[in-house]
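Worksheet for the structure shown next.
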Amino acid sequence: MPAFLLLTLMTAIRILSRNRLRAGLTMLGIVIGVGAVIAMVSIGEGAKAAVQAQVASMGTNVIIVLPGSTTVSGVRGGQGGAVTLNVSDALEMKKRIPLLQDTGWAKRDVMQIVNGNKNWNGSVNGVSPSYLSIRDWSFTSGGPFTQADLDAAVRVALVGQTVVENLFEAGEEPVGSVIRIKNVPFRVIGVLAPKGQSAQGSDQDDIVFIPFSTAERKVFGTQFIGSVGALFATTERQEDLFAAVDQIREFLRARHRLQAEQGDDFTIRTQVDIGKVQEGTSQTLTVMLLSIAAVSLLVGGIGIMNILLVSVTERTREIGVRMAVGAKRRHILMQFLIEAMTLSVVGGTLGIVVGVVGARLTTLIAGWPTIISGNTVVAAFVFSLVVGLFFGLYPANKAARLNPIDALRYE
Amino acid sequence: MTSGNGQPVSLIQCADLWKVYRLGDVEVQALRGLNLTIEQGEFVAIMGSSGSGKSTLMNMLGCLDQPTKGHYWLNGVDVAALRADELAEIRNRQIGFVFQSFNLIPRTSALENAQLPLFYRGLPLREQRTLAAAALERVGLKGREEHYPTQLSGGQQQRVAIARALVTTPSLLLADEPTGNLDTESSREIMTILDRLNKEEGITVILVTHEPDIAAYAAREIVIKDGQVLTDRRTKPGHPSSLVGR
Ligand SMILES: Nc1ncnc2c1ncn2[C@@H]1O[C@H](COP(=O)(O)OP(=O)(O)OP(=O)(O)O)[C@@H](O)[C@H]1O
Ligand SMILES: [Mg+2]
């Protein structure tokens, strides 16, 4: 039997290569289908991995409380304009909720930052020292400010990579130099390690941190003293996250004296939620693109079936001759099935190449992360084999069921 | 070969063989209760006017077609009772068929065409090639192994077809107007080969022809008319069989 299969395969390849254009056009559907699957899945996987990396880098035990109620669409990008949360909420929360490991707070604004003759509009954040550890910021040089700095409202600043690039000459050491934020001089005491893009796609390194108290008194103005743009809390263990979320909600509702019928005047988010939303979107996209790919595979399969039916008709006499010299039904069946699978597997392999190249180009041109997993490639290969098998079955069976004498007499 | 009770079994035995084609409302009775017995080793020519049922009979004898009614025993086996794959097995092992129109597989070398029955028998490739090359040599086509059908003359193509038919050393060789498409010289070559296969290898040869000088190679001449045997006579002496002309 192996000799039979090998020779049949060789015959199939010979027959197909006689009609290269026809075979090529027949394979096109499979090539496009498999190529699309590979490219889409690798883009989807890449996006998913990026989101997961983001979520992990933010810390999966972080709870974010934003002022104001939730909008229908869910996640809110920035820190809202509402002023319903303040520093004492954060401090009390930490005292009253034992599950919480630490709390921090921040308030941000985009401001002009000047160093000598260079200036830059960046995100200036007044934060508590605890915020830096909660968000897991580390330093390439210098270090964080302390509680003492906060208490004394010292004018010190930590700068992100993007800010460094725009305010300092290459090779110039920012630590120790003085920059001006809204014309107030700040001494740079630390340079933050780069974090790259956030899950929402914003540049996390375009940032300056200054002590919260300094920000309030010297930079942002004293209009809403004590109010914060966002509260942050961490739990010791990730398992406690959702319990902590419930307790924070209860605590804040009580503290803000909200009646039962009133909605929250704050919004609680966790990194897990944000990750889920992102994953959900990329999953919807993947499902949509996969169904397009499935349709083109279907079309490709029908193309193969069509060309095989033509081939069976063209070669009816040959089938008759083969039967006359002793070919059994399964021999004829295998011959056409192998032809169909050769078409689909060659098409599938070309499709894999197209998909991998497509994914690489996507990364190169659009800068999207892509991941080509071995599983995807193997699945695509197997899938194209199955498409050939499935759509080859009908024509092959038709050939195998021919009556020898009818086939021989066929004109 | 003998049957259970010790009686010798004929190679071919047809009893009340009918073949009816139905074309819409019209019924064509190609064979009408034909009776025929042929012994192992005979050389038979079947003649008869066009449409008399010769090809229909040959297809039946070659297990390519099944009778509408009646029985056909090949070596004592009732062929009508067999399934498609069993018939394929018989065609592969016991029968060689030569067609008027050669019926070689196009764009496939002479050697590969001659190999085909062995390929379906599942022999190792090397054995297939050796046997097919030997068969081509027996029909005088040594050196033409790699030629495609289009690169061969009609007579040569028919010889490839004969090589394909005899590569399995069948006991029965059926040839439906094997010289019908050939000139006199090629016809003579083909008939010489068939004659030799019959005389030297004891292969039973049944051939259909319209030409008396082709029929003259055979030792027995059967004339078919309207799907029945009209005359059946021995034209040459010598065959041990006594059933002829019964
Ligand atoms: N597939 C078929 N369908 C319908 N009728 C058929 C079929 N094959 C043969 N016949 C009819 O059966 C009869 C016998 O045909 P057959 O081919 O056996 O004749 P033949 O003796 O071989 O003639 P020829 O010498 O012309 O080859 C003819 O009347 C023919 O029309
Ligand atoms: Mg005929």
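Numbered from 1 within each chain, the chains take letters A, B, ... in sequence-line order. Please read these numbers as outputs of a predicted model, since none were measured by experiment.
- Taking each heavy atom of B:Ala88 and A:Ala327 in turn, the nearest pair found is CB-O, 3.7 Å.
- Of all heavy-atom pairs spanning A:Gly326 and B:Asn92, the tightest one is CA-CB, 3.7 Å.
- Atom CG of A:Leu7 sits about 10.5 Å away from atom OH of B:Tyr120, to the nearest 0.5 Å.
- Of all the heavy atoms in B:Ser101 and A:Arg317, the pair that sits closest is OG-NH2, 3.2 Å.
- Heavy atoms from other residues, nucleotides or ligands lying under 6.0 Å from OH of B:Tyr21 number more than 12.
- Rounding to the nearest 0.5 Å places CE of B:Met60 at 9.0 Å from CD1 of A:Ile405.
- Salt bridge annotation for A:Lys328-B:Glu86: absent, with no cationic side-chain nitrogen under 4.0 angstrom from a carboxylate oxygen.
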What's the verdict on side-chain contact (heavy atoms from CB on, under 4.5 Å) for A:Val325 and B:Arg121, showing C-alpha distance, side-chain angles and the deciding distance?
CA-CA 10 Å; A:Val325 301; B:Arg121 190 181 282 190; over 6 Å; no
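- Using a 4.5 Å heavy-atom cutoff, the side chains of B:Arg91 and A:Met323 are in contact.
- Separation of atoms CG (B:Asn59) and CZ (A:Arg409) is listed at 5.5 Å; rounding is to 0.5 Å.
- Proximity to chain A is absent for every atom of B:Gln66, based on heavy atoms less than 4.5 angstrom apart.
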Output, in order, the C-alpha distance, side-chain angles, deciding distance and verdict of side-chain contact (heavy atoms from CB on, under 4.5 Å) for B:Phe119 and A:Thr8.
CA-CA 10 Å; B:Phe119 169 61; A:Thr8 308; 3.7 Å; yes
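- Both the backbone and the side chain of A:Arg322 come within contact range of chain B, with heavy atoms under 4.5 Å apart.
- Residues A:Glu318 and B:Leu104 are not in side-chain contact: their nearest non-hydrogen atoms beyond the backbone lie 4.5 Å or more apart.
- For A:Tyr394, the OH atom counts as loosely surrounded, since its 6.0 Å shell holds 12 or fewer non-hydrogen atoms of other residues, nucleotides or ligands.
- Contact annotation for A:Arg329: both backbone and side-chain heavy atoms come within less than 4.5 Å of a heavy atom of chain B.
- To the nearest 0.5 Å, atom CG of residue B:Asp85 and atom NE2 of residue A:His331 are 8.5 Å apart.
- Put simply, OG1 on B:Thr108 and CD1 on A:Ile15 are 7.0 Å apart, with the number rounded to the nearest 0.5 Å.
- Enclosure of atom CZ in A:Arg18 by more than 12 non-hydrogen atoms of other residues, nucleotides or ligands within 6.0 angstrom is indicated.
- In this structure, A:Arg22 places its CZ atom where more than 12 heavy-atom neighbours from other residues, nucleotides or ligands lie under 6.0 Å away.
- A:Asn403 contributes atom CG, which lies 6.0 Å from atom CG of B:Asp65 (distance to the nearest 0.5 angstrom).
- Applying the 6.0 Å contact sphere to OH of B:Tyr72 captures more than 12 heavy atoms from other residues, nucleotides or ligands.
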